[in-house]
Number of protein chains: 2
Amino acid sequence: MTDKKDHIIDNAIELFAERGFEGTSIRELAAKAEVNVAMVNYYFGSKEKLFEAMVAQKAAYSKGMIDEIVKDKSLSDLEKIDKIIEGFVTRLFTNRKFHRIIHQELMLSKRENLQDTIVNILYPNSAAIKTLIDSAIKKGTFKKVDSALVIASVIGTINHVLLSKKMCNKLFGKEDSHIPYEDPKFIKRVSEHIKEMIHAYLIKTN
Amino acid sequence: MTDKKDHIIDNAIELFAERGFEGTSIRELAAKAEVNVAMVNYYFGSKEKLFEAMVAQKAAYSKGMIDEIVKDKSLSDLEKIDKIIEGFVTRLFTNRKFHRIIHQELMLSKRENLQDTIVNILYPNSAAIKTLIDSAIKKGTFKKVDSALVIASVIGTINHVLLSKKMCNKLFGKEDSHIPYEDPKFIKRVSEHIKEMIHAYLIKTN
DNA sequence: AAAAATCAATTAAACGTTTGTTTAATTCAA
DNA sequence: TTGAATTAAACAAACGTTTAATTGATTTTT
């Protein structure tokens with residue numbers, strides 16, 4: 001059943017996010033998912049193919065949204081940037097475990113084919129924002145900024161909060177508890193910060 | 001000889017950065033460093049202790065600098081922020097392979113003791129900047145910003161450029177070549193971006 | 001409706017490799 | 001002659017994967 005494949009993938013996401021791909025054994029995974037060791041290879045063929053199946057299934061988490069916003073003619077450029085930031089923060093926070101796995105993978109030089117797959121999924125988002133910013137600069141709406149690095153700042157800020165867990169626990173004074181990644185207030189706090197910072201940088205003051 | 005220990009550590013940094021800790025075998029490392037497999041355990045005791053020795057040796061890469069800048073009474077708060085950003089960018093770019101390893105480690109939930117060690121090394125930097133920003137806000141020099149997230153933006157921007165290699169190759173239009181991490185011009189481009197963005201956000205406009 | 005056949009799902013056990021580590025012998029300079 | 005450095009070989013454990021047998025529900029045949 002597809003049901004069971006999903007169940008294995010869900011458990012794999014948990015383990016890969018916490019222990020890494022090479023750091024997770026199929027026996028650990030089988031134990032956590034409460035299935036026989038052989039089932040993983042029966043359903044997916046191999047550990048690597050399980051990984052690919054996971055990416056294929058969860059890839060949609062960042063699709064579509066941005067294009068819709070960019071095309072919306074009722075929004076100003078700045079309103080579009082705001083909506084994109086909000087969407088980004090919400091989606092990455094919601095899918096943070098998968099996001100963590102993706103970034104572990106992007107850091108390494110193993111499985112380069114898979115890296116290309118991931119980049120092909122994620123990059124269009126960055127490209128769309130870049131186009132938006134560059135055209136607004138040409139129009140004279142935005143200041144002449146380094147658009148590639150603006151994107152690095154937006155995504156980098158989110159990533160730092162999401163990925164460097166222990167570090168940010170201290171930074172946000174949550175040493176004994178946890179950062180409330182699920183709390184809408186915290187999510188809003190992050191997206192408001194990014195929006196305000198980017199506003200201050202993009203908007204001409206004269 | 002300490003000479004040979006360093007030689008092993010240097011090769012370990014290369015491999016760990018590219019293939020991860022679990023993804024690197026002692027045999028691969030021994031082959032690359034051109035030493036016998038047994039030498040790693042002879043010198044370091046175990047693979048994990050090799051990792052710890054590596055961290056201990058390279059930890060100093062971020063020490064000191066910030067404290068000196070913060071204490072310098074000839075600098076304004078904004079000048080201090082600028083100097084700190086420049087120092088951060090330069091140091092992390094210079095030690096980017098080690099930095100990559102550190103962040104692989106921070107993402108995972110294995111070897112928690114080591115994580116604490118790393119956080120204890122890196123966090124004082126973040127804390128110092130936070131104190132600086134918060135006191136400048138109290139003085140009225142800076143706008144009332146979310147200082148924890150400002151730090152996330154500074155470090156996050158650098159990390160995104162340094163860690164998500166394939167992604168940033170595309171973002172910076174270097175698909176066929178490489179991002180010139182060693183090029184002073186590129187390093188300056190990054191630190192100028194961060195400084196300008198943070199300026200726009202921190203400085204009161206009235 | 002009962003019996004037989006079919007086939008995907010599931011299992012425990014074993015497969016051959018690779019892993020980190022250790023041993024015991026050897027080299028080699030002090 | 002001593003003791004650290006170095007080696008090839010072996011170690012047990014863990015790894016991803018495969019096998020071959022069994023289950024159990026569904027379909028086909030009687």
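These numbers were taken from a predicted model, which means no experiment stands behind them. A, B, ... follow the sequence lines: proteins, then strands. Residue 1 opens every chain.
Atom CD of A:Glu34 is separated from atom C1' of C:dT11 by 16 Å (rounded to the nearest Å). The distance from atom CG of B:Leu50 to atom P of C:dG20 is 11 Å, rounded to the nearest whole Å. Atom C1' of nucleotide D:dA5 and atom NE2 of B:His7 are separated by 16 Å, given to the nearest angstrom. Note: CG (A:Asn36) to P (C:dT10) measures 10 Å, nearest angstrom. Between A:Phe44 atom CZ and C:dA9 atom C1' the separation is 14 Å, expressed in whole Å. We find that CE of A:Met39 is positioned 15 Å from P of D:dT18, with the value rounded to whole Å. Following rounding to the nearest Å, B:Lys49 (NZ) and C:dG20 (P) show an atom-to-atom distance of 16 Å.
Between B:Phe186 and B:Phe93, the ring planes lie tilted relative to each other; the angle falls in the 30° to 60° range. Ring geometry for A:His160 versus B:His103: interplanar angle of 30 to 60°, hence tilted.
Qualifying salt bridge (charged side-chain N to carboxylate O under 4.0 Å, His left out) partners for B:Glu48, counting only residues two or more places apart in sequence or in other chains: none. Shown here are the side-chain hydrogen bond (donor to acceptor under 3.5 Å, both in side chains) partners of A:Gln104, two or more places apart in sequence or in another chain: there are none. With sequence neighbours excluded, no residue satisfies salt bridge (charged side-chain N to carboxylate O under 4.0 Å, His left out) with B:Lys143. For B:Arg100, there are no salt bridge (charged side-chain N to carboxylate O under 4.0 Å, His left out) partners, not counting sequence neighbours. Evaluation of the side-chain hydrogen bond (donor to acceptor under 3.5 Å, both in side chains) rule for B:Glu86 yields B:Lys195 as partners, not counting sequence neighbours.
OP1 or OP2 of C:dT10 lies within a sub-4.0 Å distance of a side-chain N or O belonging to A:Tyr43. Within the 4.0 Å cut-off from OP1 or OP2 of D:dA5, at least one side-chain nitrogen or oxygen of B:Tyr42 is found.
Among residue pairs with one or both ends in residues 68-89 of chain B, none qualify as ring-ring contact (aromatic ring centres under 6.0 Å, His included); sequence neighbours excluded.
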Identify every side-chain donor-acceptor pair in residues 119-138 of chain A under 3.5 Å, counting partners at least two apart or on other chains, and give the distances.
from, atom 1, to, atom 2, distance (Å)
A:Asn120, ND2, A:Asp116, O, 3.2
A:Tyr123, OH, B:Lys170, O, 3.4
A:Asn125, ND2, A:Ser62, O, 3.4
A:Asn125, ND2, A:Ser62, OG, 3.3
A:Lys130, NZ, A:Asp134, OD2, 3.3
A:Thr131, OG1, A:Ala127, O, 2.9
A:Asp134, OD1, A:Ser147, OG, 2.9
A:Asp134, OD2, A:Ser147, OG, 3.4
A:Ser135, OG, A:Leu132, O, 3.2

Do any N or O atoms of the protein come closer than 3.5 Å to N or O atoms of nucleotides 10-17 of chain D, and which pairs are they?
from, atom 1, to, atom 2, distance (Å)
D:dG16, OP1, A:Thr24, O, 3.4
D:dG16, OP1, A:Lys47, NZ, 2.8
D:dG16, OP2, A:Ile26, N, 2.8
D:dG16, N7, A:Arg27, NH1, 2.8
D:dG16, O6, A:Arg27, NH2, 2.8
D:dT17, OP2, A:Asn41, OD1, 3.3
D:dT17, OP2, A:Lys47, N, 2.8

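Using a 4.0 Å cutoff on non-hydrogen atoms, no part of residues 108-118 of chain A comes near DNA chain D.
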